[in-house]
Amino acid sequence: MAYRAAEVEVIAAFFKKPHKRKDHLSWLSAQAYKEYSAIKPIFTALAKLYPEVDRGIDRHDFAELTEKLADETKHARLVMDLLEEIRRKKTTFADLLWLPEDKKLARIRARYSPSYATLLHGTGSIKTKEIRRQDEALERAAITITEGGGGALYLVCSKLKKNGFEGKIAHAFKEILVDETEHKDAGGRSLNALIRTRAAYLRAARIITEVSSQRLRMRNEQFGFPLSEARVAALDQHTRLSAVKNI
């Protein structure tokens, strides 16, 4: 929750200033990349896992992944429609931006679960053996709970003024907010069942903190650095202290 509040501060700082329609091009391009890049790896994973449903793969897990594919496809469509309205021409995956701080986020997630990092960022190859691993449950749940930064982006955007282009942003991101909240909650439910020891709690806390810390920097870059590095570092330190107090 502390990291969500930090992301909200970043995004709110951007929207405090008046913007022309073209000023939204960069951050929407980066967001569209994040949504669109997840489609192909999830589709590939589903194709590889389908023959194993109710044998090595639990049908509930498979159903959850199909829902995620539908969600990410819808999110990409909504954001890319906004981009096309700005650019006034057809927009494809090649037109989208994968920013340096988001690439770093992918590498951090991959240290804990290469398969989930691939599903979220669209990098690397999907291997059935990796997806079927049973020793990454805690890591995957911890990564999942950080998805969308607790809905910070979608929450701020859904509350933008209801007219003009920002009104269209608000409408699209309000739709996405509902789905992203469910993704986070699914991670929370899974993680809750896995935290049975102090060691498990500490590992989950470490993963959540490390991923969320990088998410904060990713979000600041996405919006053109509305907060200074000093302010981002202060927010990061505050949230880490919050985590320590709760241990």
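Note: hydrogens, waters and symmetry copies are ignored here, and every other heavy atom, side chains too, is used.
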A.B. asks: Only pairs at least two apart or in different chains count here, so list each side chain to side chain donor-acceptor pair (under 3.5 Å) that has a residue in residues 86-96.
C.D. replies: Arg87-Thr91, Thr92-Asp95
A.B. asks: Could you tell me whether the side chain of Ile143 reaches within less than 4.5 Å of the side chain of Ser113, counting heavy atoms only?
C.D. replies: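 Yes. Closest side-chain heavy atoms under 4.5 Å.
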A.B. asks: If you compare all heavy atoms of Ala45 against all heavy atoms of Leu65, which two are closest, and at what distance to 0.1 Å?
C.D. replies: CB-CD2, 4.1 Å
A.B. asks: Which residues pass the salt bridge (Lys or Arg N to Asp or Glu O under 4.0 Å) test with Arg231, sequence neighbours left out?
C.D. replies: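 Checked Arg231 against salt bridge (Lys or Arg N to Asp or Glu O under 4.0 Å); matches are Glu9.
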A.B. asks: Would you mind writing out the side-chain donor-acceptor pairs for residues 163-174 within the sub-3.5 Å range, not counting sequence neighbours?
C.D. replies:
{"unit_1": "Lys168", "atom_1": "NZ", "unit_2": "Glu85", "atom_2": "OE1", "d": "3.4"}
{"unit_1": "Lys168", "atom_1": "NZ", "unit_2": "Glu85", "atom_2": "OE2", "d": "2.4"}

A.B. asks: Mind checking whether Val10 and Leu153 sit in one hydrophobic cluster, side chains of I, L, V, M, F, W, Y counted as touching below 4.5 Å?
C.D. replies: no
A.B. asks: Apply salt bridge (Lys or Arg N to Asp or Glu O under 4.0 Å) to the pair Glu147 and Lys34, showing each step before the final yes or no.
C.D. replies: CA-CA 11 Å; Glu147 271 194 70; Lys34 292 168 72 66; over 6 Å; no
A.B. asks: Is a donor on one side and an acceptor on the other found under 3.5 Å between the side chain of Glu72 and the backbone of Ala38?
C.D. replies: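 It does not hold such a pair.
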A.B. asks: Would you check if Pro226 and Asn220 make a side-chain contact, meaning some heavy-atom pair closer than 4.5 Å?
C.D. replies: yes
A.B. asks: Quick test of your reading: applying salt bridge (Lys or Arg N to Asp or Glu O under 4.0 Å), list the pairs with at least one residue in residues 202-216, sequence neighbours left out, ordered by first then second residue.
C.D. replies: Glu7-Arg215, Arg111-Glu210, Glu139-Arg203
A.B. asks: Do the non-hydrogen side-chain atoms of Leu227 and Leu235 ever get within less than 4.5 Å of each other?
C.D. replies: yes
A.B. asks: Indicate if Leu97 and Leu83 have the same hydrophobic cluster label, given that clusters are the connected sets of ILVMFWY residues with side-chain heavy-atom separations under 4.5 angstrom.
C.D. replies: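 Looking at the clustering, Leu83 is in a separate group from Leu97.
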A.B. asks: Kindly compute the distance separating CG (Leu105) from CG (Leu99), expressed to the nearest 0.5 Å.
C.D. replies: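 Here the interatomic distance stands at 11.5 Å.
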A.B. asks: Should the heavy atoms of other residues, nucleotides or ligands under 6.0 Å from CD of Glu175 be counted, would the total exceed 12?
C.D. replies: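 Enclosed: over 12 neighbouring heavy atoms sit under 6.0 Å from CD of Glu175.
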A.B. asks: Distance check, rounded to the nearest 0.5 Å: Thr239 atom OG1 versus Leu216 atom CG?
C.D. replies: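 Answer rounded to 0.5 Å: 7.0 Å.
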A.B. asks: State which residues pass side chain to side chain contact (heavy atoms under 4.5 Å, CB included) with Ala12; sequence neighbours excluded, sorted by chain then number.
C.D. replies: none
A.B. asks: Would you say the side chain of Phe14 lies within less than 4.5 Å of the side chain of His24, judging by non-hydrogen atoms?
C.D. replies: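 Of all side-chain heavy-atom pairs linking Phe14 with His24, at least one is under 4.5 Å.
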A.B. asks: Can you name the nearest heavy-atom pair linking Ala141 to Ser190, along with the distance?
C.D. replies: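 So the two residues come closest at CB-CB, 3.8 Å.
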A.B. asks: Taking all non-hydrogen atoms of both residues, which atom of Ser212 and which atom of Ile208 are closest, and how far apart?
C.D. replies: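 Minimum heavy-atom contact is OG-O, 2.7 Å.
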A.B. asks: Using ring-ring contact (aromatic ring centres under 6.0 Å, His included) as the criterion, list what pairs up with Phe93, not counting sequence neighbours.
C.D. replies: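 Result, ring-ring contact (aromatic ring centres under 6.0 Å, His included) vs Phe93: Tyr33, Tyr36.
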A.B. asks: With rounding to the nearest 0.5 angstrom, report the CD to CG distance, Glu52 to Asp61.
C.D. replies: 13.5 Å
A.B. asks: Which atoms form the tightest heavy-atom contact between Gln31 and Tyr154, and what is the distance?
C.D. replies: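 Residues Gln31 and Tyr154, closest heavy atoms: NE2-OH, 3.2 Å.
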A.B. asks: With hydrophobic residues grouped by side-chain heavy-atom distances under 4.5 Å, do Phe15 and Val232 end up in a single group?
C.D. replies: no
A.B. asks: How far apart are the closest heavy atoms of Leu138 and Ile195, and which atoms are they?
C.D. replies: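 Heavy-atom minimum between the residues: CD1-CD1, 4.1 Å.
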A.B. asks: Looking at residues at least two apart in the chain, or sitting in another chain, which of them share a salt bridge (Lys or Arg N to Asp or Glu O under 4.0 Å) with Arg196?
C.D. replies: none
A.B. asks: Under the rule for side chain to side chain contact (heavy atoms under 4.5 Å, CB included), what residues qualify as partners of Lys22, not counting sequence neighbours?
C.D. replies: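 Only Lys20 meet the side chain to side chain contact (heavy atoms under 4.5 Å, CB included) criterion with Lys22.
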A.B. asks: Strictly distance-based, threshold 3.5 Å: is any side-chain N or O of Glu35 a donor or acceptor partner for the main-chain N or O of Val79?
C.D. replies: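 Not at all, since once roles are kept as given, no pair shorter than 3.5 Å links the two residues.
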A.B. asks: Indicate yes or no for a side-chain donor-acceptor contact from Ser158 to the backbone of Leu155 under 3.5 Å, with no hydrogens or angles considered.
C.D. replies: yes
A.B. asks: Closer than 3.5 angstrom, by distance alone: can the side chain of Ser213 be matched with the main-chain N or O of Thr209 as a donor-acceptor pair?
C.D. replies: no
A.B. asks: Report the distance from atom CZ of Arg59 to atom CG of Leu49, rounding to the nearest 0.5 Å.
C.D. replies: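 Between Arg59 CZ and Leu49 CG, I get 15.5 Å after rounding to 0.5 Å.
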A.B. asks: Kindly write out the residues that satisfy salt bridge (Lys or Arg N to Asp or Glu O under 4.0 Å) with Lys74, not counting sequence neighbours, or none if the list is empty.
C.D. replies: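 Here the qualifying residues are Asp179.
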A.B. asks: Could you give the distance from CG (Leu177) to NZ (Lys159), rounded to the nearest 0.5 Å?
C.D. replies: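 So the gap between those two atoms works out to 9.0 Å.
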A.B. asks: Checking Ala110 now: which residues fulfil side chain to side chain contact (heavy atoms under 4.5 Å, CB included) with it, not counting sequence neighbours?
C.D. replies: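 Testing Ala110 for side chain to side chain contact (heavy atoms under 4.5 Å, CB included), a comparison that skips the adjacent residues, returns Ala117.
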A.B. asks: What residues form a salt bridge (Lys or Arg N to Asp or Glu O under 4.0 Å) with Asp236, not counting sequence neighbours?
C.D. replies: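 Asp236: salt bridge (Lys or Arg N to Asp or Glu O under 4.0 Å) contacts with Arg217, Arg240.
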A.B. asks: Check whether any side-chain heavy atom of Arg219 sits under 4.5 Å from a side-chain heavy atom of Tyr3, and report yes or no.
C.D. replies: no
A.B. asks: Please name the pair of heavy atoms, one in Ala152 and one in Ile11, separated by the smallest distance, quoted to 0.1 Å.
C.D. replies: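 Closest approach of Ala152 to Ile11: C-CD1, 3.9 Å.
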A.B. asks: Within the 4.5 Å heavy-atom criterion, are Thr144 and Leu191 side-chain neighbours or not?
C.D. replies: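 No, every pair of side-chain atoms sits at 4.5 Å or beyond.
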A.B. asks: Taking side chain to side chain contact (heavy atoms under 4.5 Å, CB included) as the test, write out the residues that go with Phe43, two or more places apart.
C.D. replies: Leu69
A.B. asks: Compare all side-chain heavy atoms of Leu46 with those of Ile42 and state whether any distance is below 4.5 angstrom.
C.D. replies: yes
